Amino acid sequence: MILLTRSEELVLLAICKLKEMAYGIPIQELISKWTGHDWAIGAIYKPLKQLNHKDLVSKEMTEPTAERGGRSKFIYKMTPKGEKALQEIRRIQNEAW
């Protein structure tokens, strides 16, 4: 069983919802909208790093874009292991409630 912290859970859910648009800023904006609190970008990247380390998400670098001043970005995708972790945390929460 893989247990997630609340921030890991929210970030993983945001990645699930955002699909191919799952990178730093959209993840931050969606979680801020859900919670009604402004999340610092650093508060997003720590759980992203943990989720990647646990193999619950993968990341892929995009080609540089003019709109980003020639910089690339990392797009995050949920792995099958990540999907299983979300299902498990939902089951646990439902049982607890």
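These numbers come from a predicted model, not from an experiment.
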Lys59: partners by side chain to side chain contact (heavy atoms under 4.5 Å, CB included), with sequence neighbours left out: Asn52, Phe74, Tyr76
Show your working on side chain to side chain contact (heavy atoms under 4.5 Å, CB included) between Ile27 and Leu48 and close with a plain yes or no. CA-CA 10 Å; Ile27 293 170; Leu48 277 171; 4.3 Å; yes
Student check: side-chain heavy atoms of Leu51 and Leu4 closer than 4.5 Å: yes
Output, in order, the C-alpha distance, side-chain angles, deciding distance and verdict of side chain to side chain contact (heavy atoms under 4.5 Å, CB included) for Glu8 and Lys54. CA-CA 11 Å; Glu8 289 172 338; Lys54 294 177 182 180; 3.0 Å; yes
Distance check, rounded to the nearest 0.5 Å: Met78 atom CE versus Ser58 atom OG? 10.5 Å
Report the residues that fulfil side-chain hydrogen bond (donor to acceptor under 3.5 Å, both in side chains) with Lys49, sequence neighbours left out, ordered by chain and then residue number. none
Partner residues of Arg91 under the side chain to side chain contact (heavy atoms under 4.5 Å, CB included) criterion, sequence neighbours left out: Glu88, Glu95
Between Leu10 and Leu30, does a side chain to side chain contact (heavy atoms under 4.5 Å, CB included) hold up when you go through it step by step? CA-CA 9 Å; Leu10 288 171; Leu30 185 56; over 6 Å; no
Not counting sequence neighbours, which residues clear side chain to side chain contact (heavy atoms under 4.5 Å, CB included) with Lys46? List them please. Gln50
With Lys84 via salt bridge (Lys or Arg N to Asp or Glu O under 4.0 Å) - residues at least two apart: none
Are there more than 12 heavy atoms of other residues, nucleotides or ligands under 6.0 Å from atom CG of Asp38? no
According to salt bridge (charged side-chain N to carboxylate O under 4.0 Å, His left out), does anything in residues 9-24 pair up with another residue at least two apart or in another chain? List the pairs. Arg6-Glu9
Minimal heavy-atom distance between Ile2 and Leu56, with the atoms involved, is CD1-CD2, 3.9 Å
Where is the tightest heavy-atom contact between Ala22 and Ile15, given as atom of each residue plus distance? CB-CA, 3.9 Å
Under 3.5 Å: donor-acceptor pair, side chain of Thr62, backbone of Ser72: no
Residues two or more places apart in sequence or in another chain: which of them pass salt bridge (Lys or Arg N to Asp or Glu O under 4.0 Å) with Glu60? Lys77
Lys33 meets the side chain to side chain contact (heavy atoms under 4.5 Å, CB included) criterion, sequence neighbours left out, with none
Taking only residues two or more places apart in sequence, or in another chain, which ones meet Ser32 in a side-chain hydrogen bond (donor to acceptor under 3.5 Å, both in side chains)? none
Check whether any side-chain heavy atom of Ile44 sits under 4.5 Å from a side-chain heavy atom of Ile25, and report yes or no. no
